[in-house]
Amino acid sequence: MHRNFLLVVAFLLMVSCTVEPYESGDSSLSYLKAEMVDMRVMGKGVQSILSDEDEQLRVSSEFQVPQKMERNDTIYRMMLYYNKVGEAPIEIKSMRLAHVVNPAKKDKALTLADDPLKLISVWKAKNSTYLNLSLGLMTGNAEDEDAIQKIAVVADSTITAADGSKTHYLTLHHDQDEIPEYYTQTAYVSIPMKEYAKGDKISIRMNTYSGWIEKIFAK
(Lines give C-alpha, C1' and ligand atoms only; values in the text may rest on other atoms or scores of the structure.)
Protein backbone atom coordinates (compact mmCIF):
# COMPACT_ATOMS: atom_id res chain seq x y z
CA MET A 1 0.00 0.00 0.00
CA HIS A 2 2.74 2.47 0.93
CA ARG A 3 4.24 2.23 -2.55
CA ASN A 4 1.28 4.28 -3.77
CA PHE A 5 2.15 7.11 -1.43
CA LEU A 6 4.49 10.03 -1.56
CA LEU A 7 5.85 10.49 1.94
CA VAL A 8 6.03 14.09 3.06
CA VAL A 9 8.03 14.99 6.15
CA ALA A 10 7.95 18.46 7.62
CA PHE A 11 11.44 20.01 7.59
CA LEU A 12 12.90 17.01 5.73
CA LEU A 13 10.57 17.88 2.88
CA MET A 14 12.76 20.67 1.59
CA VAL A 15 16.30 20.59 0.34
CA SER A 16 17.49 24.14 0.86
CA CYS A 17 20.65 25.84 -0.22
CA THR A 18 20.86 29.45 0.85
CA VAL A 19 23.67 31.25 -0.93
CA GLU A 20 23.04 34.88 -0.03
CA PRO A 21 19.98 36.83 1.14
CA TYR A 22 17.98 38.41 -1.66
CA GLU A 23 18.08 42.18 -1.81
CA SER A 24 15.36 44.13 -3.56
CA GLY A 25 16.14 47.06 -5.78
CA ASP A 26 17.45 47.73 -9.29
CA SER A 27 20.91 46.21 -8.97
CA SER A 28 22.09 43.28 -11.06
CA LEU A 29 21.28 41.03 -8.07
CA SER A 30 17.62 42.06 -7.90
CA TYR A 31 16.19 39.97 -10.76
CA LEU A 32 15.11 36.96 -8.76
CA LYS A 33 13.20 34.23 -10.58
CA ALA A 34 11.34 31.23 -9.17
CA GLU A 35 10.95 28.32 -11.55
CA MET A 36 10.44 24.56 -11.58
CA VAL A 37 13.38 22.74 -13.14
CA ASP A 38 14.94 19.33 -13.67
CA MET A 39 18.44 19.46 -12.19
CA ARG A 40 20.95 16.78 -13.07
CA VAL A 41 23.56 16.22 -10.37
CA MET A 42 26.82 14.32 -10.54
CA GLY A 43 28.49 14.11 -7.15
CA LYS A 44 28.66 17.63 -5.74
CA GLY A 45 28.35 19.35 -9.10
CA VAL A 46 25.41 20.32 -11.31
CA GLN A 47 25.63 18.83 -14.80
CA SER A 48 22.59 20.55 -16.31
CA ILE A 49 19.41 22.44 -15.43
CA LEU A 50 16.36 22.32 -17.73
CA SER A 51 13.47 24.66 -17.01
CA ASP A 52 9.79 24.03 -17.72
CA GLU A 53 10.22 26.40 -20.66
CA ASP A 54 12.86 24.07 -22.14
CA GLU A 55 15.57 26.60 -21.35
CA GLN A 56 19.00 25.27 -20.44
CA LEU A 57 20.32 27.19 -17.45
CA ARG A 58 24.02 27.38 -16.69
CA VAL A 59 25.46 27.53 -13.19
CA SER A 60 29.01 28.26 -12.16
CA SER A 61 31.25 25.19 -11.96
CA GLU A 62 32.15 26.33 -8.44
CA PHE A 63 28.60 25.78 -7.21
CA GLN A 64 28.14 22.64 -5.12
CA VAL A 65 24.86 21.04 -4.09
CA PRO A 66 24.08 20.33 -0.40
CA GLN A 67 25.57 17.12 0.92
CA LYS A 68 22.15 15.43 1.18
CA MET A 69 21.78 15.85 -2.60
CA GLU A 70 25.12 14.32 -3.56
CA ARG A 71 24.43 11.40 -5.90
CA ASN A 72 25.90 9.75 -8.97
CA ASP A 73 24.03 10.99 -12.06
CA THR A 74 20.67 11.82 -10.48
CA ILE A 75 17.94 14.13 -11.75
CA TYR A 76 16.14 16.17 -9.09
CA ARG A 77 12.89 18.03 -9.58
CA MET A 78 13.35 21.43 -7.95
CA MET A 79 11.71 24.75 -7.29
CA LEU A 80 14.69 26.94 -8.05
CA TYR A 81 15.17 30.55 -6.96
CA TYR A 82 17.91 32.30 -8.90
CA ASN A 83 19.25 35.50 -10.38
CA LYS A 84 19.98 35.67 -14.09
CA VAL A 85 21.77 38.57 -15.75
CA GLY A 86 22.32 38.39 -19.49
CA GLU A 87 24.14 35.27 -20.68
CA ALA A 88 26.11 34.85 -17.47
CA PRO A 89 25.66 31.70 -15.38
CA ILE A 90 22.71 31.91 -13.03
CA GLU A 91 23.25 32.65 -9.35
CA ILE A 92 21.26 30.14 -7.29
CA LYS A 93 19.80 31.77 -4.19
CA SER A 94 17.88 28.78 -2.83
CA MET A 95 16.16 25.61 -3.99
CA ARG A 96 13.49 23.30 -2.71
CA LEU A 97 12.95 19.69 -3.59
CA ALA A 98 9.75 18.91 -5.49
CA HIS A 99 8.32 15.40 -5.28
CA VAL A 100 7.45 13.68 -8.57
CA VAL A 101 4.30 11.60 -8.08
CA ASN A 102 3.01 9.26 -10.76
CA PRO A 103 -0.76 8.64 -10.49
CA ALA A 104 -1.53 5.20 -9.10
CA LYS A 105 -4.33 3.10 -10.53
CA LYS A 106 -7.51 3.19 -8.49
CA ASP A 107 -7.85 0.23 -6.14
CA LYS A 108 -11.37 -0.22 -4.79
CA ALA A 109 -9.99 -2.26 -1.89
CA LEU A 110 -7.68 0.55 -0.82
CA THR A 111 -9.07 3.26 1.44
CA LEU A 112 -7.22 6.57 1.27
CA ALA A 113 -7.59 9.53 3.62
CA ASP A 114 -8.93 12.86 2.39
CA ASP A 115 -7.73 15.18 5.13
CA PRO A 116 -7.82 18.84 4.05
CA LEU A 117 -4.78 20.83 2.97
CA LYS A 118 -4.14 24.23 1.43
CA LEU A 119 -3.88 24.66 -2.33
CA ILE A 120 -1.47 27.55 -2.82
CA SER A 121 -1.26 27.21 -6.60
CA VAL A 122 -1.46 24.68 -9.43
CA TRP A 123 -0.12 25.21 -12.94
CA LYS A 124 0.87 23.29 -16.04
CA ALA A 125 4.49 23.39 -17.15
CA LYS A 126 4.86 25.46 -20.32
CA ASN A 127 6.40 22.47 -22.07
CA SER A 128 3.51 20.26 -20.85
CA THR A 129 5.84 17.84 -19.07
CA TYR A 130 4.36 18.23 -15.59
CA LEU A 131 1.35 19.42 -13.67
CA ASN A 132 2.85 21.36 -10.75
CA LEU A 133 1.28 21.99 -7.37
CA SER A 134 2.30 24.15 -4.45
CA LEU A 135 0.58 22.82 -1.33
CA GLY A 136 0.34 24.10 2.20
CA LEU A 137 0.49 21.34 4.81
CA MET A 138 -0.49 22.20 8.37
CA THR A 139 2.06 20.70 10.73
CA GLY A 140 3.52 20.76 14.22
CA ASN A 141 5.31 18.56 16.74
CA ALA A 142 3.53 15.21 16.97
CA GLU A 143 3.55 13.04 20.08
CA ASP A 144 4.20 10.02 17.89
CA GLU A 145 7.72 10.37 16.47
CA ASP A 146 6.82 7.98 13.66
CA ALA A 147 3.85 10.08 12.48
CA ILE A 148 4.24 11.28 8.92
CA GLN A 149 1.94 13.05 6.48
CA LYS A 150 1.25 11.22 3.25
CA ILE A 151 0.15 12.37 -0.19
CA ALA A 152 -1.01 10.17 -3.04
CA VAL A 153 -2.38 10.88 -6.51
CA VAL A 154 -4.89 8.36 -7.84
CA ALA A 155 -6.12 8.01 -11.44
CA ASP A 156 -9.87 7.60 -10.90
CA SER A 157 -11.14 7.33 -14.48
CA THR A 158 -10.73 8.40 -18.11
CA ILE A 159 -13.63 9.65 -20.23
CA THR A 160 -13.34 9.67 -24.05
CA ALA A 161 -15.31 12.33 -25.95
CA ALA A 162 -16.93 11.88 -29.37
CA ASP A 163 -13.95 13.57 -31.06
CA GLY A 164 -11.57 11.05 -29.49
CA SER A 165 -10.08 13.44 -26.94
CA LYS A 166 -9.85 12.22 -23.38
CA THR A 167 -10.31 13.67 -19.93
CA HIS A 168 -8.28 12.04 -17.18
CA TYR A 169 -9.68 12.42 -13.67
CA LEU A 170 -7.17 12.47 -10.81
CA THR A 171 -7.67 12.82 -7.07
CA LEU A 172 -5.00 14.02 -4.68
CA HIS A 173 -5.35 12.29 -1.31
CA HIS A 174 -3.83 13.57 1.92
CA ASP A 175 -3.34 11.79 5.25
CA GLN A 176 -2.63 14.15 8.17
CA ASP A 177 -1.70 11.15 10.39
CA GLU A 178 -2.78 13.02 13.56
CA ILE A 179 0.03 15.55 13.22
CA PRO A 180 -0.95 18.83 14.97
CA GLU A 181 -1.99 21.69 12.67
CA TYR A 182 -0.08 24.65 14.10
CA TYR A 183 1.59 26.24 11.09
CA THR A 184 1.91 25.84 7.32
CA GLN A 185 4.74 24.03 5.56
CA THR A 186 4.97 24.42 1.76
CA ALA A 187 5.32 21.27 -0.34
CA TYR A 188 5.90 21.08 -4.10
CA VAL A 189 4.49 18.20 -6.12
CA SER A 190 4.95 17.50 -9.86
CA ILE A 191 2.73 15.02 -11.70
CA PRO A 192 4.23 13.76 -15.01
CA MET A 193 2.06 14.37 -18.09
CA LYS A 194 4.09 12.39 -20.64
CA GLU A 195 1.50 9.61 -20.83
CA TYR A 196 -1.26 12.01 -21.89
CA ALA A 197 -1.82 12.93 -25.54
CA LYS A 198 -1.89 16.47 -26.90
CA GLY A 199 -5.41 17.83 -26.55
CA ASP A 200 -6.26 15.62 -23.58
CA LYS A 201 -7.61 17.26 -20.44
CA ILE A 202 -6.41 16.52 -16.93
CA SER A 203 -8.76 17.13 -14.02
CA ILE A 204 -7.33 17.08 -10.51
CA ARG A 205 -9.42 17.41 -7.37
CA MET A 206 -8.47 17.63 -3.72
CA ASN A 207 -10.01 18.40 -0.34
CA THR A 208 -8.98 21.80 1.01
CA TYR A 209 -9.92 23.71 4.15
CA SER A 210 -12.40 25.57 1.93
CA GLY A 211 -13.93 22.36 0.59
CA TRP A 212 -13.28 20.20 -2.46
CA ILE A 213 -11.59 21.96 -5.40
CA GLU A 214 -11.25 20.78 -9.00
CA LYS A 215 -8.79 22.22 -11.52
CA ILE A 216 -8.74 21.27 -15.19
CA PHE A 217 -5.84 21.69 -17.63
CA ALA A 218 -5.42 20.84 -21.32
CA LYS A 219 -2.20 19.37 -22.62
Side-chain angles (χ1 to χ4, degrees), residues 6-101 117-127 129-141 148-151 153 172 174 179 181-192:
L6 158 71
L7 301 184
V8 179
V9 188
F11 298 113
L12 295 182
L13 173 69
M14 297 187 297
V15 175
S16 61
C17 173
T18 302
V19 182
E20 289 181 1
Y22 168 65
E23 298 179 359
S24 61
D26 294 326
S27 71
S28 61
L29 298 181
S30 66
Y31 301 104
L32 184 69
K33 296 185 66 175
E35 195 169 16
M36 295 292 281
V37 302
D38 288 328
M39 177 184 290
R40 185 175 180 180
V41 171
M42 181 70 75
K44 296 181 179 181
V46 175
Q47 297 297 302
S48 63
I49 302 175
L50 180 65
S51 77
D52 278 0
E53 297 182 6
D54 285 332
E55 180 184 6
Q56 290 284 352
L57 302 173
R58 294 189 301 113
V59 65
S60 170
S61 59
E62 297 178 358
F63 178 81
Q64 294 184 350
V65 299
Q67 185 176 6
K68 64 180 68 175
M69 286 181 61
E70 292 180 19
R71 295 289 188 278
N72 288 325
D73 199 8
T74 299
I75 296 178
Y76 289 101
R77 183 74 175 158
M78 310 290 299
M79 171 59 80
L80 191 67
Y81 297 83
Y82 65 94
N83 287 327
K84 186 175 187 295
V85 180
E87 298 301 320
I90 64 171
E91 180 187 10
I92 296 177
K93 308 301 288 186
S94 66
M95 51 191 180
R96 294 184 178 182
L97 181 67
H99 297 270
V100 177
V101 184
L117 44 66
K118 297 179 181 180
L119 176 61
I120 300 174
S121 61
V122 54
W123 69 100
K124 183 188 71 172
K126 290 188 176 181
N127 59 9
T129 53
Y130 294 99
L131 188 62
N132 299 309
L133 299 98
S134 176
L135 305 173
L137 304 181
M138 297 299 293
T139 189
N141 294 324
I148 184 172
Q149 295 193 55
K150 307 175 186 74
I151 289 177
V153 177
L172 187 145
H174 171 231
I179 292 178
E181 301 173 60
Y182 296 148
Y183 56 91
T184 302
Q185 181 79 36
T186 302
Y188 294 101
V189 172
S190 289
I191 302 171

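- Within 6.0 Å of the CG atom in D54, the count of heavy atoms belonging to other residues, nucleotides or ligands exceeds 12.
- Here the OG atom belonging to S48 is positioned 6.5 Å from the CD1 atom belonging to I75, to the nearest 0.5 angstrom.
- Listed here is the closest heavy atom pair of E53 and N127: N-ND2, 4.5 Å.
- Separation of atoms CG (L117) and OG1 (T184) is listed at 10.5 Å; rounding is to 0.5 Å.
- When every heavy atom of R96 is checked against every heavy atom of Y188, the shortest pair comes out as CD-CE1, 3.8 Å.
- At least one side-chain heavy atom of D73 sits less than 4.5 Å from a side-chain heavy atom of R40.
- Nearest heavy atoms, T186 versus S134: CG2-OG, 3.7 Å.
- Within the model, atoms CE of M69 and CE of M39 stand 5.5 Å from one another, a figure rounded to the nearest 0.5 Å.
- To the nearest 0.5 angstrom, S94 atom OG is 9.0 Å from M78 atom CE.
- For M95 against P66, the heavy-atom pair with the smallest separation is CE-CD, 3.5 Å.
- Taking all atoms of both residues into account, the shortest heavy-atom contact from Y76 to K68 is OH-O, 4.2 Å.
- Side-chain contact between L172 and L135 is present, with at least one heavy-atom pair separated by less than 4.5 Å.
- In this structure, H174 and L137 have side chains that are in contact, with non-hydrogen atoms separated by less than 4.5 Å.
- Taking the side chain as every heavy atom from C-beta outward, Q56 and L50 approach each other to under 4.5 Å.
- From Q185, atom CD reaches atom CE of M138 across 11.0 Å, with rounding to the nearest 0.5 Å.
- When side chains are defined from C-beta on, V37 counts as touching S51, because their heavy atoms get closer than 4.5 Å.
- In plain terms, the two heavy atoms of I49 and I90 that are nearest each other are CD1-CD1, 4.1 Å.
- Residues V101 and I151 have side chains not in contact (no heavy-atom distance under 4.5 Å, counting atoms from C-beta outward).
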Under the criterion side-chain contact (heavy atoms from CB on, under 4.5 Å), I'd like the reasoning laid out for V41 against E70: C-alpha separation, chi angles, the key distance, then a yes or no. CA-CA 7 Å; V41 171; E70 292 180 19; 6.0 Å; no
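- Counting non-hydrogen atoms of other residues, nucleotides and ligands closer than 6.0 Å to NZ of K118 gives a total of 12 or fewer.
- A donor-acceptor pair under 3.5 Å links the side-chain atoms of K84 to the main chain of G86, judged by distance alone.
- No more than 12 heavy atoms of other residues, nucleotides or ligands shown are found within 6.0 angstrom of CD on E62.
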Residues Y183, T139; criterion side-chain contact (heavy atoms from CB on, under 4.5 Å); working and verdict: CA-CA 6 Å; Y183 56 91; T139 189; 3.4 Å; yes
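- Both tests hold for R77 against Y130: distance to the six-membered ring centre under 6.0 Å, angle to the ring axis within 45°.
- In this structure, CE in M36 is found 6.5 Å from CG in D52, a value given to the nearest 0.5 Å.
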